[in-house]
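A short worksheet on the structure shown next.
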Number of protein chains: 2
Amino acid sequence: MNDMRLIRAKSGTNQEGTSAHNRRVMIDALRLNGQLSRADLARATALTKQTVSNIIEDLERDGLVESLEAVRNGRGQPSTPYRLVPEGAFAIGLQIDRHVTRTIAVDLVGRVLARGEANLPAGGPATGVRTILELIEKTRRDLTALAPHSEDRLVGLGAAMPGPFGVEADADDPWMMAAWQNFPLLETLAAGTGLDVGLQNDAAAAATAERMVGAAHGVDHAICIYFGYGLGAGLILNGELYRGANGNAGEIGMILSLPRGASSDERMPLEHRASIASLCKLLDLDPADPDLYARIDAAAANPDQGLVRWIDAAAFEMRAAVQALETIFDPQTVILCGGLPSGLARLLIQAMVPLLPSIADRRDRTLPRLQVGFTDPWAVAIGAAAEPISRTFDPRFSAILKTRVSAAV
Amino acid sequence: MNDMRLIRAKSGTNQEGTSAHNRRVMIDALRLNGQLSRADLARATALTKQTVSNIIEDLERDGLVESLEAVRNGRGQPSTPYRLVPEGAFAIGLQIDRHVTRTIAVDLVGRVLARGEANLPAGGPATGVRTILELIEKTRRDLTALAPHSEDRLVGLGAAMPGPFGVEADADDPWMMAAWQNFPLLETLAAGTGLDVGLQNDAAAAATAERMVGAAHGVDHAICIYFGYGLGAGLILNGELYRGANGNAGEIGMILSLPRGASSDERMPLEHRASIASLCKLLDLDPADPDLYARIDAAAANPDQGLVRWIDAAAFEMRAAVQALETIFDPQTVILCGGLPSGLARLLIQAMVPLLPSIADRRDRTLPRLQVGFTDPWAVAIGAAAEPISRTFDPRFSAILKTRVSAAV
DNA sequence: CTATTAAGTCAATTGTCTTGACTTATTTTT
DNA sequence: AAAAATAAGTCAAGACAATTGACTTAATAG
């Protein structure tokens, strides 16, 4: 058959894939449980004791796990627990936001070791790339100062910025960061840093952070609503972040719906009513103001009538969003996170309860329907940094499959 | 560590998993391409020629694939194409609807070989189960008459019924089919038929049908909106049906939203405005009427003012639903399918275009944003029958992983 | 003190994919 | 017409990773 006409199926696998998967599973089990003996790992992963022993030996040699002191747990030989070595791997996260860029260095267990921040001039990538690459360099130096061999164990760079990606950008729409959308960011960062680079939208990054070290830790079906300058959702489905066909899944801020009390049929994007951007517009705040958070927090401490009305309207939309996402995804929990001042987060959540009835009202629930996750301007950067760790060490279907060497298609 | 405290990670895998996956991948490649030579299969799956040869030999011995006549394709030895043997496997599908139950028998390639239908008395499972088991028996006999050895190659029974499952059922709500929800259906069917039984909601079943033999064939990211008595969506994500934490993902009819022109803040379920049920209510039709479809079709052929208004209102909601699902999932395409008369489907689609702007407006699209899939009362039953085929033969992450033998979790 | 239980190791085995050389069949070039 | 090139497919040996079952070690229970 002509090679061009051939529809590629899912690819096959071999022992290499098996082995790689089992290593990831082992690391996942340790991440979930903190520490486990070899026998525990065998139970957790359904592998045999012998297999676990071999893999653990490998991982220990690679500096990814280490043994702790043996513990007696009743009858039988004491067990030797193993845990992840935090210094076993490092990753750099980069957040590109509208007016600011941030970097974070994390280790294998998700601890933050270094941070950097810089204002992003309005010029877009032309001037911004230089700032960004310098900030990354600085963060790498800071990391090396703390962990001398970190450079040898750097598994990648994770970038996060507002989406959507690859959509016809309206050059005038400040929401879209159009100039950045049309810029070959991945290639530039890869060339400039020598690292493997991944890209997520900010909501996805927040979800990645929640999954590694936050409220979604160990939860296989969770929706993270990211309430920031825009509004998005990070979708954790079957234990993996779902990206959609073009990496734009979860851009819920762009859902068109009728405003409350609308007399016309005019629909408008959800994030025009529920986002920090909408608040800035209402309160006439400058989104580029470095003290924006402090100002909003101050306003939230003593809300005036305008703010109360905004919260009421935003919460109205958010209640609907939570109910809709629960209905669509049937998740174990919904996590509200974002880059919003904690005072505002508190007010918003207060206004969101009680939640609307949904299929999430089940007797067998173990997690609350709505939880609060990271509400911190650094959440996205942390998630960006967590992405290379996840990409490298988390069990994923695609990590089992053979990669094709062929050029075309 | 105490076994009870151990958080189970994803399980590991071994050669058995590898082999099982590669067989599935091979079948998937043949299903997608119709027919492929061994060399083609090697390219499609990224496996070596030798591995493909061994597996194909196995599958041929098992009666799942067969060779065709060799074809010359230019220079080099002519290739021998292989294809799936339709009679290689069979499955039974069962649809339990509010007033009727249907059965379908399909083969490995999704061809329908037998159908059965019966009215479902209002008594619920107490009386209905007998009807159902008899209908399944009859369909199996019909299948055996057509394909004598089908019983030896029956891979399972797929059931489909309206969801949601496991939710506090309001006993009086006829939407919920409460009596069936609280009935141990899977166990009863398994015991009564001796087959492995799977259960999906009707929207998921419709999506399964679209994926095997319909518009979602070979599409890895598709949303199938099922417009039937209720409203639901079947989610095909990464090439697999997504079920959610409790099998209720996609129940979009239960999304609460503001009706158009609502003066109050009163939200109501989407399917109260967009579903056959809502149409019945408006036109004062009896949903249990066996001639319901014909009546609706007749009304659609010559729509009166009431019907026009309903279509207008339903299309208003459906346009929003399509835009929202595109925004949330970033799929390659949205497929509108359902158990609705074709005349009505035509009117509805007409009223839905043009679609609302969304992130699906991309220059690099290959598929239309909205397609029409099966609009046929049998679509759900076909999807139900396709489920065991998919479960048995499609490549899935979970099919690679070891299954745990242990009792408790 | 002995039996029991559990963790963990050893050495041989098994199953599956890979490798590289080879055969076969066809078209293209000389 | 012969030789070269190309592609499909096979053969046999090899590599690799998990499995198996017996074994060792170290603790507690009775």
Side-chain angles (χ1 to χ4, degrees), chain A residues 1-3 6 11-26 35-60 65 67-82 400-406, chain B residues 1-4 6 11-26 35-60 65 67-82 400-403 405-406:
Chain A
M1 175 181 271
N2 186 318
D3 206 45
L6 193 148
S11 67
T13 185
N14 53 17
Q15 288 118 319
E16 225 173 305
T18 301
S19 165
H21 171 72
N22 287 347
R23 260 148 246 267
R24 284 168 183 257
V25 160
M26 216 70 77
Q35 56 184 65
L36 292 177
S37 68
R38 300 182 180 203
D40 286 333
L41 280 165
R43 283 185 289 265
T45 61
L47 293 165
T48 60
K49 283 188 296 183
Q50 187 56 57
T51 301
V52 169
S53 265
N54 294 338
I55 294 177
I56 285 293
E57 203 180 323
D58 269 21
L59 294 177
E60 192 166 20
V65 308
S67 61
L68 303 169
E69 216 158 284
V71 294
R72 307 180 185 183
N73 14 24
R75 203 182 267 203
Q77 179 171 330
S79 60
T80 309
Y82 285 79
I400 298 191
L401 308 183
K402 291 183 71 171
T403 48
R404 293 175 218 276
V405 277
S406 86
Chain B
M1 178 183 270
N2 185 319
D3 208 43
M4 290 299 118
L6 193 147
S11 67
T13 185
N14 54 16
Q15 288 117 319
E16 226 173 305
T18 300
S19 165
H21 171 72
N22 286 347
R23 261 146 246 265
R24 285 170 183 255
V25 160
M26 216 70 77
Q35 55 183 65
L36 291 177
S37 68
R38 298 183 181 201
D40 287 332
L41 281 164
R43 283 186 288 265
T45 61
L47 292 166
T48 60
K49 285 189 294 183
Q50 188 56 59
T51 302
V52 169
S53 266
N54 294 339
I55 294 177
I56 285 292
E57 204 181 323
D58 269 22
L59 294 177
E60 192 166 23
V65 308
S67 61
L68 302 169
E69 217 159 281
V71 294
R72 305 180 184 182
N73 15 22
R75 202 181 268 203
Q77 179 169 331
S79 60
T80 307
Y82 285 80
I400 299 192
L401 308 183
K402 293 183 70 170
T403 48
V405 278
S406 84

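We name chains A, B, ... by the order of the sequence lines, and we start the count at 1 in each one.
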Checklist entry - A:T51 has a side chain; which of D:dT28, D:dA18, C:dT18 sits nearest to it? => result D:dA18
Checklist outcome for this item: Atom CZ of A:R23 and atom P of D:dA17 are separated, to the nearest Å, by 7 Å
Checklist entry - Roughly how many Å is it from NZ in B:K49 to C1' in C:dT23, rounded to a whole number? => result 11 Å
Checklist entry - Counting side-chain heavy atoms from CB outward, which of C:dT9, C:dT16, D:dA18 is closest to B:T18? => result C:dT16
Checklist outcome for this item: Shortest non-hydrogen pair, B:N22 vs A:G12, comes out as OD1-CA, 3.1 Å
Checklist entry - In whole angstrom, what separates A:I56's CD1 from D:dA18's C1'? => result 15 Å
Checklist outcome for this item: Per atom distances to the A:I55 side chain, the nearest of D:dA18, C:dT26, D:dA29 is D:dA18
Checklist entry - If only side-chain N and O atoms of B:S79 are considered, is one of them under 4.0 Å from the OP1 or OP2 phosphate oxygen of D:dA8? => result no
Checklist entry - For B:D40 and B:S37, what are the C-alpha separation, side-chain angles and deciding distance, and is it a side-chain hydrogen bond (donor to acceptor under 3.5 Å, both in side chains)? => result CA-CA 5 Å; B:D40 287 332; B:S37 68; 3.1 Å; yes
Checklist outcome for this item: Considering only heavy side-chain atoms of B:R75, the closest of C:dT28, D:dA27, C:dT24 is C:dT28
Item to check | B:R72 side-chain N/O to C:dT24 phosphate OP1/OP2 under 4.0 Å | outcome: no
Item to check | Nearest-angstrom distance from the residue atom CG of B:L36 to C1' of D:dA8 | outcome: 14 Å
Item to check | Working for side-chain contact (heavy atoms from CB on, under 4.5 Å), residues B:Q15 and A:T18 | outcome: CA-CA 7 Å; B:Q15 288 117 319; A:T18 301; over 6 Å; no
Item to check | Integer-rounded Å distance: C:dT4 P and A:Q77 CD | outcome: 19 Å
Checklist entry - Is the distance from OP1 or OP2 of C:dC17 to the nearest side-chain N or O of B:T48 less than 4.0 Å? => result no
Checklist entry - Going by heavy atoms in the side chains, are B:H21 and B:T13 under 4.5 Å from each other? => result no
Item to check | Separation of D:dT20 C1' from B:N14 CG (nearest whole Å) | outcome: 13 Å
Item to check | B:Q15 (side chain) and D:dA17 (base): donor-acceptor pair under 3.5 Å | outcome: yes
Next on the checklist: With a 4.0 Å limit, can you tell me whether A:R43 has a side-chain N or O closer than that to the phosphate oxygens OP1/OP2 of C:dA7?
Outcome noted: yes
Checklist entry - Atom CD of B:E57 and atom C1' of D:dC11: how far apart are they, to the nearest Å? => result 12 Å
Checklist outcome for this item: When every non-hydrogen atom of B:A42 is compared with those of B:T48, the smallest separation belongs to CB-C, 4.1 Å
Next on the checklist: Is it the case that C:dC10 (base atoms only) and A:Q50 (side chain only) share a donor and an acceptor within less than 3.5 Å, ignoring hydrogens and angles?
Outcome noted: yes
Checklist entry - Looking across every strand, which nucleic acid part, if any, lies under 4.0 Å from A:S19 by heavy atom: base, sugar-phosphate, or nothing? => result sugar-phosphate
Checklist entry - D:dT19 P sits how many Å from A:R38 CZ, rounded? => result 16 Å
Next on the checklist: Please determine whether a side-chain nitrogen or oxygen atom of B:T80 lies at a distance below 4.0 Å from atom OP1 or OP2 of D:dA8.
Outcome noted: no
Next on the checklist: Looking at A:K402, I'd like to know whether one of its side-chain N or O atoms comes within less than 4.0 Å of OP1 or OP2 on C:dT18.
Outcome noted: yes
Checklist entry - Does B:N73 have a side-chain nitrogen or oxygen under 4.0 Å from the phosphate oxygens OP1 or OP2 of C:dT26? => result no
Item to check | Listed nucleotide nearest any side-chain atom of B:P78, set C:dA7, D:dT19, C:dT26 | outcome: C:dT26
Checklist entry - B:L36 and B:L41: which non-hydrogen atoms are nearest, and at how many Å? => result CD1-CD2, 3.7 Å
